[in-house]
**Q** 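Okay, here's the structure, questions in a sec.
Counting convention: from 1, in listed order, for ligands and their atoms alike. Quick caveat, the model's predicted, so the values are computed rather than measured.
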Amino acid sequence: MGAVRTRIGVLASGGGSNLEAILAAGLPVAVVVVDRPCGAVAVAEAAGVPAELVARRPDRLELTHAVVDALERHRVDLVVMAGYMTILDKPVFDTFGDRVLNTHPSLLPSFPGAHAVADALAAGVKVTGCTVHIATPEVDRGPILAQEAVPVLPGDTTESLHERIKAVEHRLYPDTIRRFLQDPA
Ligand code: GRF
């Protein structure tokens, strides 16, 4: 099985710079699903990829079913979370198994959660980084596929540090997705 036959569904909530990198790498993105209006929609549209808004709602199970439905309608067989800020429930893992990937802006298992960059700065670490891993129902856990370190520099703010981490993600995530498609084991 090569990358050619794969249909990737990207889940995003933010600016979409990782989506942009995935598209620029020529990976076969069939649909982008967002949980709120965000920059990723424009990135998808500019690339001619359909974008669907499946709005965040209090019932996480219902949201997960709606996301799975959108992914299945687009015949997705690999789910790639790229800055997706909603925690999905079990049905997405029941449907896609270990074919759900995530990128996280820290060296897991350090600094899981939604404030990874700020938490690393607050802890005073000198090195942080990013992690690409297989997503599991337990947030920011799951088998690690790739990691790369990013130094924390004097005077760094959350924004400046996150920008440098993202620059690494933009290379590491597409490369790791491609490798995963070639050899999922
Ligand atoms: C990335 O750093 C990702 O690891 C984190 O949110 C950021 C998303 O950025 N969860 P973008 O929307 O891809 O620009």
Side-chain angles (χ1 to χ4, degrees), residues 8-27 29-47 49-56 60 63-64 67 78-88 92 100-123 125 127-153 156-180:
I8 296 175
V10 174
L11 306 183
S13 306
S17 68
N18 278 288
L19 168 64
E20 211 164 359
I22 289 163
L23 290 165
L27 288 163
V29 179
V31 65
V32 175
V33 178
V34 298
D35 62 354
R36 65 198 76 183
C38 62
V41 173
V43 173
E45 281 168 358
V49 172
E52 290 209 17
L53 170 65
V54 180
R56 228 176 160 173
R60 206 144 58 88
L63 171 82
T64 304
V67 169
L78 177 69
V79 182
V80 166
M81 297 201 270
Y84 189 66
M85 298 307 283
T86 294
I87 296 169
L88 292 177
V92 78
V100 183
L101 305 186
N102 185 41
T103 180
H104 181 79
S106 76
L107 294 174
L108 291 172
S110 292
F111 311 117
H115 309 288
V117 181
D119 291 348
L121 259 189
V125 296
V127 174
T128 182
C130 55
T131 302
V132 178
H133 65 102
I134 296 175
T136 58
E138 254 192 298
V139 179
D140 297 333
R141 296 297 191 94
I144 292 173
L145 299 175
Q147 287 186 307
E148 201 166 307
V150 174
V152 180
L153 301 180
D156 252 341
T157 61
T158 304
E159 290 69 32
S160 65
L161 179 55
H162 200 170
E163 280 314 307
R164 286 206 315 288
I165 293 172
K166 281 197 202 181
V168 175
E169 286 183 296
H170 296 164
R171 173 174 40 76
L172 190 67
Y173 205 13
D175 284 358
T176 307
I177 295 166
R178 192 177 295 286
R179 244 193 320 117
F180 182 81

**Q** Which distance, rounded to the nearest 0.5 Å, do you find between the CD1 of Ile8 and the CG of Leu27?
**A**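 Rounded to the nearest 0.5 Å, the CD1-CG separation comes to 4.5 Å.
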**Q** Nearest 0.5 Å, what's the OG1-CD distance between Thr131 and Glu169?
**A**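 One gets 9.0 Å once the value is rounded to the nearest 0.5 Å.
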**Q** Would you give the length of the straight line joining atom CD of Glu148 to atom CD1 of Ile165, rounded to the nearest 0.5 angstrom?
**A**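 Going from CD on Glu148 over to CD1 on Ile165, the span is 11.5 Å.
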**Q** Could you tell me whether Leu19 and ligand 1 have an N or O pair separated by under 3.5 Å?
**A**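 There is no such contact.
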**Q** What is the minimum heavy-atom distance between Ser13 and Asp35, and which atoms define it?
**A**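 It is OG-OD1, 2.9 Å.
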**Q** Distance check, rounded to the nearest 0.5 Å: Tyr84 atom OH versus Asn18 atom CG?
**A**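 So the gap between those two atoms works out to 16.0 Å.
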**Q** Is ligand 1 less than 4.0 angstrom away from at least one heavy atom of Ile165?
**A**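 Flag not set, Ile165 not near ligand 1.
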**Q** Going by the closest heavy atom to atom 11 (P) of ligand 1, which one wins out of Ala40, Cys38, Gly83, Ser17?
**A**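 Selected option, by shortest heavy-atom distance: Ser17.
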**Q** What protein heavy atom lies closest to atom 12 (O) of ligand 1? Include the residue and the distance to one decimal.
**A**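 That would be Gly16 N, 2.9 Å.
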**Q** Only heavy atoms of Gly14, strictly under 4.0 Å: list the atoms of ligand 1 that pass.
**A**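 Numbered from 1, ligand 1 contributes 12 (O).
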**Q** Provide, to 0.1 Å, the distance between atom 7 (C) of ligand 1 and the closest protein heavy atom, together with that atom's residue and name.
**A**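 I find the closest protein heavy atom is His162 NE2, 3.8 Å.
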**Q** Of all the heavy atoms in Pro105, does at least one lie under 4.0 Å from an atom in ligand 1?
**A**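 The answer is yes, since Pro105 has a heavy atom less than 4.0 Å from ligand 1.
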**Q** Just verifying a value: how many Å separate Leu121 CG and Asp156 CG, rounded to the nearest 0.5 Å?
**A**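 That separation rounds to 6.0 Å.
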**Q** Can you tell me how far apart CD1 (Ile22) and NE2 (His170) are? Round to the nearest 0.5 Å.
**A**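 Between atom CD1 of Ile22 and atom NE2 of His170 there are 9.0 Å.
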**Q** Give the atoms of ligand 1, by number and element, whose distance to some non-hydrogen atom of Gly15 is under 4.0 Å.
**A**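 Selected atoms, number and element: 12 (O).
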**Q** Give a yes or no answer on whether the side chain of Arg179 reaches the backbone of Ala146 with a donor-acceptor pair at less than 3.5 Å.
**A**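 Here the side-chain-to-backbone pair does not exist.
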**Q** Distance to 0.1 Å, residue and atom name: give those for the protein heavy atom nearest to atom 13 (O) of ligand 1.
**A**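 Nearest neighbour among protein heavy atoms for atom 13 (O) of ligand 1, to 0.1 Å: Asn18 N, 2.8 Å.
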**Q** Can you find an N or O of Met85 that's nearer than 3.5 Å to an N or O of ligand 1?
**A**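 So ligand 1 has no N or O lying under 3.5 Å from an N or O of Met85.
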**Q** Which residue and atom name correspond to the protein heavy atom nearest atom 1 (C) of ligand 1, and how close is it?
**A**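 Here the closest protein heavy atom is Glu169 OE1, 3.2 Å.
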